[in-house]
Amino acid sequence: MEWDWTFVRDIMPLLLDGLRLTLVATVLGAALAAVVGLVFAVLRRSPIKAVSLSTAAVVEFIRGTPLLVQLYFIFFVLPDVGISLPAMTCGVIGLGLHYGTYAAEVYRGGIDNVAKGQWEAAKAVNLTKRQTWVHVILPQAIPPMIPALANYLVAMFKETPLLSAITVLELMNQAKSIANSNYRYIEPMTLVGVFFLIMSLISVAFLRVLENRFKERT
Amino acid sequence: MSEPIIRMDSISKRFGALTVLDGLSLQVRPGEKLALIGPSGSGKTTILRILMTLESISGGHVEVDGEQLFHMPGQGGLVPANEAHLHHMRTRIGMVFQHFNLFPHKSVLDNITLAPILTKGVSRRDAEVKARELLEMVGLADKASSMPSQLSGGQKQRVAIARALALSPKIMLFDEVTSALDPELVEEVLNVMRRLAAETDMTMLLVTHEMGFAHDFADRVLFFDRGRIVEEGAPDEIFRHPKQERTQTFLRKIIAAGHRV
């Protein structure tokens with residue numbers, strides 16, 4: 001089997017379209033995960049036992065089941081109870097919820113790592129709760145979180161092909177359908193691998209820059 | 001005699017089954033310098049932490065500068081204080097901690113100016129002028145742009161004192177401020193506190209194991225044991241002629257451990 005550049009040129013527009021959807025799913029999924037993670041982290045810190053414990057249970061449940069199963073559930077099972085959502089929306093919700101639980105753990109660890117004395121010093125100089133979070137706690141908690149969050153972002157990006165299982169025409173799904181209708185796998189699959197590698201390398205480099213910038217500020 | 005600036009009335013503090021303070025009462029006059037001594041776990045640090053509202057109380061009343069600390073008027077009587085009341089009360093009190101607790105991500109100058117700018121609406125310019133004066137006073141004028149990690153323990157503690165002073169509290173609380181320092185750095189911090197005691201009329205409460213310093217610094221010494229004030233009096237009375245056996249035993253042990261009285 002030989003590499004066919006003409007074929008590559010023909011399928012490129014379709015693959016780029018798939019790549020676009022992959023990126024959209026990643027960005028929206030990451031944004032949702034960042035927010036969901038924050039909500040989970042805050043609820044887990046709640047002084048009300050019922051809230052913190054039930055949040056912990058939900059987080060453990062989501063973390064303990066495969067993303068693929070969750071995607072199937074959201075896309076194929078929810079319609080049975082009357083909730084029908086577009087495939088892409090289901091994909092973003094699945095990614096956001098799943099990675100939100102990981103983000104929550106990262107947030108929690110980062111916040112718990114700020115010394116207790118910092119809360120007390122903030123109180124002793126009479127900062128409000130909000131000022132304490134904004135000026136004292138978060139600036140110390142966030143920089144150490146960045147490497148872990150970056151790893152999850154790249155991991156999530158590489159898991160987006162799972163969305164092909166719920167009919168989202170992202171990069172992998174496009175490549176599969178091209179391959180199936182042309183009986184040629186080498187070019188589309190190779191290109192999928194190359195695309196993912198390039199995007200991963202770019203995001204890792206970007207996040208290293210971000211990390212260094214935070215380090216300089218502390 | 002003027003009205004007390006601090007009036008604690010049968011305060012108790014329990015952590016679960018552990019009783020830290022047991023019906024303790026204490027009055028402090030404005031401008032008075034008080035040294036709180038006693039074995040660890042005797043409740044003396046808890047007194048400071050209660051005054052700074054870092055701990056709540058299990059029973060009793062605390063009055064600071066004529067107002068209830070943990071209660072406020074409401075519904076025809078007193079109701080538990082809300083966050084706004086605590087915020088209002090904290091403006092009168094500053095605290096310096098054993099482990100400094102400087103904000104590590106902010107420069108020395110920003111550590112001092114942060115709270116005045118945020119909580120008192122002082123302009124950055126005015127806050128910095130005052131911060132530099134305070135740094136001058138604690139002998140660290142050249143360290144304004146340093147980060148806390150670049151300072152020695154003694155320097156950190158002097159910055160922490162300046163940070164607390166920047167809010168012009170009426171009452172300053174010093175919680176074992178030299179305990180975490182290398183011995184050769186203790187004196188520079190004590191010198192700042194001596195100056196402060198001599199040059200201001202702030203009320204100061206000091207928890208310490210430095211008996212020599214407590215003797216020179218304080219107008220009154222309180223000896224704590226098991227959540228109660230066992231003995232109190234002028235420094236000479238307590239250190240030279242302690243009446244209670246527990247005080248005598250404690251001071252003997254401290255002297256045996258090499259502390260100067």
Side-chain angles (χ1 to χ4, degrees), chain A residues 38 41-43 45-53 106-150 207-218, chain B residues 45 48-49 51-56 82-107 110-121 127 147-149 156-157 159-169 171-175 180:
Chain A
L38 192 62
V42 169
L43 289 180
R45 291 180 65 86
S46 166
I48 305 162
K49 269 272 174 323
V51 173
S52 62
L53 287 180
V106 176
Y107 291 156
R108 207 165 68 101
I111 291 164
D112 288 352
N113 265 340
V114 177
K116 197 169 131 263
Q118 293 292 303
W119 294 92
E120 297 188 343
K123 205 178 223 184
V125 295
N126 213 1
L127 301 190
T128 62
K129 276 264 154 56
R130 209 190 129 265
Q131 290 167 342
T132 303
W133 277 106
V134 172
H135 296 278
V136 177
I137 303 303
L138 290 181
Q140 294 182 64
I142 289 173
M145 293 179 193
I146 289 177
L149 290 176
L207 286 157
R208 289 284 167 274
V209 171
L210 208 67
E211 203 180 310
N212 285 334
R213 252 193 38 197
F214 268 109
K215 243 183 231 150
E216 277 162 29
R217 279 178 46 187
T218 55
Chain B
T45 286
L48 301 195
R49 293 176 56 82
L51 286 169
M52 196 64 255
T53 71
L54 299 176
E55 306 283 355
S56 58
N82 60 17
E83 193 52 41
H85 179 78
L86 292 174
H87 188 77
H88 161 70
M89 294 303 289
R90 276 184 216 120
T91 57
R92 293 143 191 205
I93 308 165
M95 184 161 181
V96 184
F97 298 89
Q98 180 178 0
H99 296 289
F100 332 124
N101 297 348
L102 293 179
F103 304 131
H105 57 299
K106 297 203 174 285
S107 70
D110 288 345
N111 260 277
I112 301 172
T113 58
L114 180 72
I117 292 171
L118 288 177
T119 68
K120 297 185 123 184
M147 298 305 283
S149 58
K156 282 182 194 168
Q157 198 57 297
V159 173
I161 292 173
R163 179 175 68 178
L165 290 175
L167 292 161
S168 320
I171 302 165
M172 279 279 277
L173 310 170
F174 296 92
D175 184 16

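Each chain gets a letter, A, B and so on, in the order the sequences are listed, and its residues count up from 1. Since the model is a prediction, treat every value here as computed from it, not as a measurement.
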Measure distances from Ser149(B) to the heavy atoms of chain A and classify the residue's part below 4.5 Å as side chain, backbone, both or neither. neither
For Gln131(A), side-chain hydrogen bond (donor to acceptor under 3.5 Å, both in side chains) partners two or more places apart: Thr128(A)
Atom group of Ile93(B) that falls short of 4.5 Å from chain A, counting heavy atoms: backbone
Measure distances from Leu167(B) to the heavy atoms of chain A and classify the residue's part below 4.5 Å as side chain, backbone, both or neither. side chain
I need the minimum non-hydrogen distance between Gly117(A) and Asn101(B), along with the two atoms involved. O-ND2, 3.2 Å
Do Met52(B) and Glu120(A) have side chains that approach each other closer than 4.5 Å (heavy atoms only, starting at C-beta)? no
So which part of His87(B) gets closer than 4.5 Å to some heavy atom of chain A, the side chain, the backbone, both or neither? both
Lys129(A) atom NZ, over 12 foreign heavy atoms within 6.0 Å: no
Just wondering, do Leu118(B) and Val125(A) contact through their side chains at under 4.5 Å, heavy atoms? no
What residues form a side-chain hydrogen bond (donor to acceptor under 3.5 Å, both in side chains) with Ser168(B), not counting sequence neighbours? Lys130(B)
To the nearest 0.5 Å, tell me how far Met89(B) CE sits from Asn126(A) CG. 11.0 Å
Side chain His135(A), main chain Ala115(B), donor-acceptor under 3.5 Å: no
Select one option (side chain, backbone, both, neither) describing which atoms of Lys106(B) are under 4.5 Å from chain A's heavy atoms. side chain
Interatomic distance, Thr53(B) atom OG1 to Lys123(A) atom NZ [nearest 0.5 angstrom]: 5.0 Å
Region of Phe103(B) in contact with chain A, defined by heavy-atom distances below 4.5 Å: both
What are the two closest heavy atoms between Gln118(A) and Leu102(B), and how far apart are they? NE2-O, 2.8 Å
